[in-house]
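Report on the structure given below.
Every chain is numbered from 1 and lettered A, B, ... according to where its sequence line falls, protein lines coming before strand lines.
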Amino acid sequence: MKVLVTGATGFIGRRLTLELATAGYDVKALCRSTDHPYLIKHRNIEPVLGNILYKQSLARAMDGCAQVYHTAAMAKMWCRNPDEYHETNVTGTRNVLETAGKTGVERMVYTSTCGVWGPTIKHPMTEHDPRITGFPIAYERTKYLAELEVQNFVKQGMQVVTVNPSRVYGEGPVTDSNTVGKMVSGYLKGKWRIIPGNGRQIANYAFLNDVVAGHIAAMNKGITGERYILGGHDISFNDFFTTLQDVSGKQLGMIKVPLNIIELYSRMEWLKTRLTGLSPVFLPEFAERLKYDQKYCSNKAETHLNYNITPFAEGLRKTVEYIRGSKNKDYGIKEKKPGESFNILHHNSENNQINLICHH
Amino acid sequence: MSPLTAIITGASEGLGKSFAIELAGRNINLMLVALPSSSLPELASFIRKNFSVKVNYLETDLTRTESYLEIFDYLQEQDITAHLLINNAGLGNWSWFEEKSAAFYKMQIELNVVTPVLLTRLFLAQADSAVTSYILNVGSLGGLFLVPKKQVYGATKSFIRYFTKCLQLELYGSNVKISLLSPGGINTKPELLVMNNTLKGISKATILEPEQVARIAIDGLLQGKKEIIPGIINRLLVLLNSLLPASVKDMIIKRRLNTILES
């Protein structure tokens, strides 16, 4: 069977193309550059040049495909042009849905995020729980609006299943959207030494392989129009770094930075970006989020999709091994110059290709 | 002291939902009111699970006259006295007068004007005069400024402004505190999320998140503030409004109208 994966060079998308190709599907991998370094080479993977913002290219890509996995998204913390979040995540998703409706696509899985719920109070969020705050983070806001687009098409009879991964980590390139990868890689280099606040803030970490398997299960077993949280374990910053220390064998003295200092710093970064246009390291809307837990419950996916959660220590060990191992391999990640952040990599690339790539 | 109970209208979404969460966080029991099939049961169960408060809810259409009595009959059956009333339900729009139907304006006026007045009346009738009762009327900065394409909405909010200010006079010295909330733009409904994020500069700075507005509003209400204007930029605009001569304001609004007409 022929399937299309959008965002095939993204953190989830690229692993998904590999998993599908290994399972024997004919995978069309939508990407904006067919020689992109993150694109996986496999005899069952056919790179297709295209862009979710251009419907014509989507129609060509979907030709003959029975299924579409729409993982492409703008998932970075910051974009020079803030409209790109809406264009890529909302208009792009609408384009994919519209084109799928016109071609022979039978079924689609849409990759959303637990960010549509965002902060939690006491108990982990389930699919039925409401969002408790507004949407100051552009990524979360536009992913929520994209879910509404999906719901509209489902009402018109289209078969779409939505999956909501939490903070995904695992064996994949360290990019701007791979926040856990950045943290782990920074720690291994001895550069990340910060624990925000008292370190007791909890987030949910989903292992990439689990999330990818969850996507395929959602396509095969998911109920049309439903959402499935694809999460992992709820882990505090303190536990995160204790586990990282255990699995990596590297011991760093970590510094706990009070939240009000982080908030002040984020405001200075915001001002810096406003005045100079330089990419910020951290923004106030993310500092605000550090006051909340982000706990999510994957029970529904476990029950209905046989979703499996890899123990955090095991997943983190594989991630550490991957990042250590990929240092010498060419994954298109250039060695950082001192004082340069990974963000800059995305904005300085000559042909602007990397800047345009949709990561999760 | 026995726990207080708050009635919140339009509680399922937007600012109403934020009021529910804010009050639950302050250990105030809730009586949530919203339209049927607006996910109100899910919100109620979420709040029960995550906070230690009692949550009752009623799914009803507040443009029906019978619905006002339904709320208080329900409370009486449950032997609950309400101590706070949050008149939040309302219907907004952004359209030229002739773009909307007569039925729409009837519904808008009923929900924005008739409902809060009658709920206030019924709330006061059941209030326990031995303890302080609180009423929060959600107005709008639009009730203070002339805003094109908000002709009826703005007029309903001007009504709420007059009604609230006048009640404050009448109820002076009683055990009832009544506050007017005059927010600027709030990031609530999907279409507002899109529109508000295309704004730039000062206009963008007037927009707040619903949880910020709810926190500031409940703080103000419990302190007995007469008018609550969340956001420093919004307060500056109100100050400016009181200082500028009418002719200058007229000019600003006309220029604004022209830019709207051009777009």
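The backbone N or O of A:K122 sits less than 3.5 Å from a side-chain atom of B:N50, completing a donor-acceptor pair. Put simply, the side chain of B:E209 gets close to the backbone of A:F135: a donor and an acceptor are under 3.5 Å apart.
Other residues, nucleotides and ligands place more than 12 heavy atoms under 6.0 Å from the NZ atom of B:K49. Within 6.0 Å of the CD1 atom in B:I232, the count of heavy atoms belonging to other residues, nucleotides or ligands does not exceed 12. Heavy atoms from other residues, nucleotides or ligands lying under 6.0 Å from CD of A:E147 number more than 12. With a 6.0 Å radius and a threshold of 12 heavy atoms from other residues, nucleotides or ligands, A:Y54 has its OH atom at or below the threshold. Remark: B:K54 NZ is loosely packed, at most 12 non-hydrogen atoms of other residues, nucleotides or ligands lying under 6.0 Å away. Other residues, nucleotides and ligands place more than 12 heavy atoms under 6.0 Å from the CZ atom of B:R26.
The candidate from A:H128, A:H123, A:R131, A:M125 with the greatest count of non-hydrogen atom pairs under 4.5 Å with chain B is A:H123. Ranked by heavy-atom pairs shorter than 4.5 Å toward chain A, the options B:S39, B:P190, B:P210 are led by B:P190.
Taking CD1 of A:I121 as the reference point, atom CZ of B:F46 lies at 4.0 Å (rounded to 0.5 Å). To the nearest 0.5 Å, the span separating CD on B:E211 from CD1 on A:I132 amounts to 8.0 Å.
Residues A:P130 and B:K17 form a side-chain contact, since some pair of their non-hydrogen atoms from C-beta on lies under 4.5 Å apart. Side-chain contact between A:D129 and B:E42 is absent, with no heavy atoms from C-beta onward closer than 4.5 Å.
Interface remark: A:L148 contributes side-chain atoms only to the contact with chain B (heavy atom separation under 4.5 Å). Heavy atoms closer than 4.5 Å to chain A are found in the side chain of B:I21, but not in its backbone. Using a 4.5 Å cut-off between heavy atoms, A:L145 contacts chain B through its side chain alone, with no backbone atom that close.
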